[in-house]
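In the text below, chain A, chain B and the rest are named by the order of the sequence lines, each starting its count at 1. Scope of the values below: all heavy atoms of this structure, side chains included, with no hydrogens, waters or symmetry mates.
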Number of protein chains: 2
Amino acid sequence: MLTFVLMLSFTEENYLKSLFQLTVETALKEEAGTNELAAHLGVKPATVNDMLKKLKEKKLVKYEKYGKSSLTKEGRKIAIEVIRKHRLWETFLFEKLEFSWDEVHEVAEQLEHIQSKKLIDQLDKLLNYPVSDPHGDPIPNAKGELLILHQHTLAEELVGHQCKMTGVKDNSSPFLKYVDQLGLAITKTIKVLARHEYDDLIEIEVNGKRISVSPKLAENIFVVCTACKKKSKR
Amino acid sequence: MLTFVLMLSFTEENYLKSLFQLTVETALKEEAGTNELAAHLGVKPATVNDMLKKLKEKKLVKYEKYGKSSLTKEGRKIAIEVIRKHRLWETFLFEKLEFSWDEVHEVAEQLEHIQSKKLIDQLDKLLNYPVSDPHGDPIPNAKGELLILHQHTLAEELVGHQCKMTGVKDNSSPFLKYVDQLGLAITKTIKVLARHEYDDLIEIEVNGKRISVSPKLAENIFVVCTACKKKSKR
DNA sequence: TATATTTGTTAGACTTACCTAACAAATTAA
DNA sequence: TTAATTTGTTAGGTAAGTCTAACAAATATA
């Protein structure tokens with residue numbers, strides 16, 4: 001069997017990854033708009049426009065003029081590979097090289113583009129086939145299968161419920177440092193004590209202490225809740 | 001103290017590395033020509049010409065029209081950093097990820113451009129501060145100090161002398177596989193038994209067996225020889 | 001030393017990924 | 001349902017890194 005390996009640039013890989021993250025991954029929708037992608041990638045809409053045409057040519061995205069865009073099966077496959085590499089590298093940096101969870105993202109952004117199947121498979125083996133990265137995000141396996149956690153954000157959690165922290169939405173260093181400071185971390189048990197109408201703060205119990213968190217913070221904390229059992233949106 | 005970090009592209013880093021390898025490192029001379037660099041980098045002389053002007057602008061190379069080029073102090077510093085990264089990655093792949101010595105080079109070519117001081121320092125620590133890579137090449141330390149072995153090639157070795165293999169000049173996979181096949185490897189003891197005028201083959205003893213090797217091969221094998229004690233050229 | 005060869009340079013062109021500015025289509029609001 | 005706003009597109013421009021083709025300088029050879 002002859003397999004054609006189409007070589008993609010770092011940039012092209014990043015567009016596919018962004019599109020994946022804006023659609024399949026965290027969001028509920030199937031498509032993303034040009035401006036939305038531009039904001040996510042930190043470039044101008046005109047640039048995204050050019051790239052969408054190019055990626056459509058290569059049959060990696062579905063795109064029609066003035067329409068929303070989405071990944072093709074092949075495009076999704078590549079996006080998942082990049083995400084797998086990113087998260088394995090993050091795990092490596094955290095587990096083996098003494099990086100803290102707020103430091104891993106930036107370096108993994110570079111490492112995720114290294115081309116070598118053997119490298120990634122061996123890294124996976126060295127780390128003992130981890131299922132999630134330091135931020136709690138699931139790591140796709142070598143077949144491209146991705147465990148989808150039935151998680152929602154802390155902001156959506158009901159008063160009185162107890163849940164467990166499973167990850168974060170925002171991977172920026174300042175946010176992660178703040179999370180650390182508050183004593184929050186993946187696997188911690190969180191109980192929602194109250195929601196204050198007056199200033200929208202959410203009062204929670206964690207580590208046996210009561211703290212108040214902003215809705216902005218709560219929206220970036222993922223949790224699972226057995227009490228909830230609300231049907232997952234994916 | 002304010003330090004200005006000038007960000008270089010992968011390409012610029014590769015030019016500095018090539019220039020280092022063609023001058024300071026293996027060769028005896030201090031300068032390299034445009035065509036020579038072009039051949040080493042696999043690009044056309046015209047391209048090198050443009051880049052030399054650009055790197056001169058940035059004070060990383062010394063270059064005058066129609067003259068040979070060399071690295072400035074700052075350029076050499078950067079080249080050594082890239083080489084350090086390359087060789088640490090090669091060692092990592094070989095030691096931790098089960099790569100063979102003919103597989104490490106290609107992947108290290110990509111990894112050497114990742115920007116993160118912490119990454120490299122931690123990698124160095126994880127590997128326990130190695131002094132040479134799987135090909136026997138010395139790894140510069142964090143201060144940019146590079147151990148220079150007083151080595152020469154097997155082709156230069158005198159008949160009757162016994163030496164020890166310390167490295168290879170050619171890092172290509174076919175060459176390295178061939179070296180493996182012949183039973184040659186770093187640290188092996190080699191005795192030069194004879195040189196045959198007729199076909200230039202060199203007869204050596206290694207692993208207790210007599211084999212004949214071509215001058216081409218011998219030119220790509222580094223050895224040290226106590227009997228020789230010939231003054232090193234660097 | 002004159003000529004041939006090698007080595008290095010210049011000019012102009014291409015591609016990728018980005019930009020700005022002007023415009024067009026689609027959506028939202030009045 | 002028209003007008004305002006948002007969203008998306010086009011055209012044209014820039015910088016990096018590459019190329020080819022023509023030329024110039026330096027070096028080697030006769």
Side-chain angles (χ1 to χ4, degrees), chain A residues 5-19 22-23 27 29-71 75 78-79 82 109-110 112-113 115, chain B residues 5-19 22-23 27 29-71 75 78-79 82 109-110 112-113 115:
Chain A
V5 179
L6 80 154
M7 263 297 270
L8 298 184
S9 65
F10 286 20
T11 313
E12 290 169 315
E13 289 191 345
N14 283 335
Y15 277 81
L16 296 178
K17 189 178 61 154
S18 272
L19 195 42
L22 287 175
T23 59
K29 56 196 161 146
E30 281 298 308
E31 305 172 308
T34 305
N35 285 4
E36 203 183 344
L37 263 166
H40 195 254
L41 286 157
V43 298
K44 298 294 173 197
T47 310
V48 173
N49 199 271
D50 287 348
M51 187 56 90
L52 285 174
K53 287 178 191 163
K54 189 173 153 196
L55 292 173
K56 185 193 173 169
E57 253 332 280
K58 297 193 178 183
K59 299 206 164 52
L60 299 172
V61 307
K62 288 172 226 159
Y63 162 73
E64 293 305 331
K65 221 170 159 177
Y66 292 107
K68 305 272 176 185
S69 308
S70 62
L71 291 167
I78 294 170
V82 176
E109 282 292 299
Q110 300 179 61
E112 72 188 7
H113 301 293
Q115 302 297 152
Chain B
V5 179
L6 82 153
M7 261 298 269
L8 298 184
S9 66
F10 286 20
T11 312
E12 290 168 316
E13 288 191 344
N14 283 334
Y15 277 82
L16 296 178
K17 188 179 60 155
S18 273
L19 194 44
L22 286 175
T23 58
K29 55 200 161 140
E30 281 297 310
E31 304 172 309
T34 306
N35 285 4
E36 203 182 344
L37 262 167
H40 195 254
L41 286 158
V43 298
K44 300 292 172 200
T47 310
V48 173
N49 199 271
D50 286 348
M51 186 57 89
L52 285 174
K53 288 180 192 162
K54 189 173 153 195
L55 292 173
K56 185 192 174 171
E57 255 328 283
K58 296 193 178 182
K59 300 205 164 52
L60 299 172
V61 307
K62 288 171 226 158
Y63 161 75
E64 293 304 332
K65 222 170 157 177
Y66 292 106
K68 306 271 178 189
S69 309
S70 62
L71 290 167
I78 293 170
V82 176
E109 282 292 298
Q110 299 178 60
E112 72 189 8
H113 301 294
Q115 303 297 153

Grab the [atom1]-[atom2] distance between [X] and [N] for me, whole Å please.
| X | N | atom1 | atom2 | value |
| --- | --- | --- | --- | --- |
| E36(B) | dT6(C) | CD | P | 16 Å |
| L8(B) | dA16(D) | CG | P | 13 Å |
| K68(B) | dA25(D) | NZ | P | 18 Å |
| E12(A) | dT15(C) | CD | C1' | 12 Å |
| L37(A) | dT7(D) | CG | C1' | 13 Å |
| K44(B) | dC14(C) | NZ | P | 18 Å |
| L41(A) | dG8(D) | CG | P | 14 Å |
| F10(B) | dT18(D) | CZ | P | 13 Å |

Residues which pass salt bridge (charged side-chain N to carboxylate O under 4.0 Å, His left out) with [X], listed by chain and number, not counting sequence neighbours:
| X | value |
| --- | --- |
| E109(A) | K17(A) |
| E57(A) | none |
| K58(B) | E12(B) |
| K56(A) | E64(A) |

**Request:** Can you spot which of L8(B), T11(B), V82(B) makes a side-chain contact (heavy atoms from CB on, under 4.5 Å) with L16(B)?
**Result:**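 It is L8(B); the other options fail the test.
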Using atom names, set out every protein N or O paired with an N or O of nucleotides 9-14 of chain D below 3.5 Å, distance rounded to 0.1 Å.
residue : atom : partner : partner atom : Å
dT9(D)  : OP1  : Y63(A)  : OH           : 2.3
dT9(D)  : OP1  : Y66(A)  : N            : 2.8
dT9(D)  : OP2  : T34(A)  : OG1          : 3.2
dT9(D)  : OP2  : N49(A)  : ND2          : 2.1
dT9(D)  : OP2  : Y63(A)  : OH           : 3.4
dT9(D)  : O5'  : N49(A)  : ND2          : 2.9
dT10(D) : OP1  : K65(A)  : NZ           : 2.8
dT10(D) : OP2  : K53(A)  : NZ           : 2.6

**Item:** H113(A): partners by ring pair (Phe, Tyr, Trp, His ring centres under 6.0 Å), with sequence neighbours left out
**Value:** F10(A)
**Message:** Applying a 4.0 Å non-hydrogen cut-off, can you work out what T11(A) is touching in the nucleic acid: base, sugar-phosphate, or nothing?
**Reply:** sugar-phosphate
**Prompt:** With respect to the phosphate group of dT16(C), does any side-chain polar atom (N or O) of Y15(A) fall under 4.0 Å of OP1 or OP2?
**Reply:**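 False: Y15(A) side-chain N/O out of range (4.0 Å or more) of dT16(C) OP1/OP2.
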